[in-house]
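Structure first, then comments.
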Amino acid sequence: MEWKIKLEASTGLGEATTYEVGVLRRDLGDLTSDSVGLSLAEAKALLAELQQRIVQTQIDEYIVCARVCKDCMKLRPLRDQRTRTLQTLFGTVRVAAPRVRVCSCLDTLGMGDLSFSPLASVLPDRCTGELRLLHADLGARHSFREAARLLKTFVPCSPPNHVSVRNRLHRVANAIEGGEAAPTLTPTEAGHRRTDDAEIVVMIDGAHIRAVPGHQSRRLDVTVGKVETAGRPPRRFALAPMGAEQPAQAIRAALIEQGWRLGRPVTVISDGEPALPNLVCAAKGGPVSHILDWWHISMRVRHIEQALAGIYALRPTYPAGLDYVSTDVERLGHLIWNGYAAEAGEALWALTHLASEAIYLNGEHIGPAVRRFLLHCQELRAYLANNESALIDFGTRYRAGQPISSSRAEGMVDEIANTRMAKRQRMRWSRRGAHRVATVRAAALNGRLEGWVSTRPAA
Ligand SMILES: [Zn+2]
């Protein structure tokens, strides 16, 4: 059996032309699950041929229209034939792209040599927007090699290699960065909305990735986060601060988009790394209210509880002193939750003394377990002391329905830093490279990558 696949093109003038796109053959007796219907290879070949025909007829028609002189309505003569390469999702297409002479009706000065290329202005880039979008999107999720391999598996597009995926992602990232830096939205802009009274919360978190050799440190920081406010979907951001020209700019753009204006307060929730709230201060150009992430505190309290259980598991002969410790550990979480951080610090100090005495009472066999417990207590005490100003009455804030944790930003660490950039991928990152991938991935997660690709073509 044989199928002829044909394409019928009808021009604006009503002329129809038929092109043969391909032929498909199958033996009638040979119907198996492998031979039924189109194979991937056949589909890719057909798509490539179809694309070549469609693009060429589309361009031919466009050039005929572009040749018409708007002054005398005559067809301007062709100067020469050139070919132009266009990379598309369905193959690299070579098209005839002639240059057109300036019309003689305008050429009063006898400049007969003037000509122009009608395609240069409409197709400035040698790549379609859709292909650029997919290169950027897949390149921000997978390694550049894997992105190129995935695309080549399913469509006849032919990026020469992973380098073109990387270069296109870089150009998209530069467009995003340039757009976010552009003062299209000024913070003083009017247009107050009712929701402008709602709290603006920045949940921010960080991760470390491996840096390329030669970088001053073996690790690079990646910062991710979300800006949330009532009545608007959250807006995500991601950056590699060392690789960004203006690290605070992505956060500032996200703040402005969420309705932040000069003078409006901003709350930051983070795990206590001072660089993170400082970055938001820089974005805002002023101080922020910083809240220590409740989840990180509760994990540290949990570690103390587990270490205490570890001491009990050794069945100490004289557990009386430990029972006092146990009562204080139970209070600990409640004290911090309700904003009594100073009291929590005192409780920690008291219970470390009681726990130390337990070694003298029960002997050195519980020593290592007690010391592990003391270490966790010291760490929590230092953590609370270092972040004193970021400790609040979590209970009241929680009951008011306001966020107390940056755990939603941690999901972004997984999305961006861990899946694409983590150590297990064995990748080493340059500062700019890491920043660009983070920028593009955040734009994709915000559902706005397409806007950056189609409305701002790379120069
Ligand atoms: Zn003319």
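No hydrogens, no waters, no symmetry mates; every other heavy atom, side chains included, goes into these values. Atoms within a ligand are numbered from 1 in the order they appear, just like the ligands themselves.
Side-chain atoms of H290 and S389 form no donor-acceptor pair, as typed in the model, at a separation below 3.5 Å.
The existence of a salt bridge linking E177 and R432 is confirmed by a sub-4.0 Å separation between a basic side-chain nitrogen and an acidic carboxylate oxygen. A salt bridge does not link R397 to D393: none of the charged nitrogens lies less than 4.0 Å from a carboxylate oxygen. A salt bridge links E42 to R26: one of the charged nitrogens lies within less than 4.0 Å of a carboxylate oxygen. Between K4 and E20 there is no salt bridge, since no side-chain nitrogen of the basic residue lies less than 4.0 Å from a carboxylate oxygen of the acidic one.
Pairs engaging residues 58-71 under the side-chain hydrogen bond (donor to acceptor under 3.5 Å, both in side chains) rule: Q56-D60 [sequence neighbours left out].
Ordered by chain and number, C69 SG, C72 SG, C103 SG, C105 SG make up the set of protein N, O or S atoms under 2.8 Å of the Zn ion (ligand 1).
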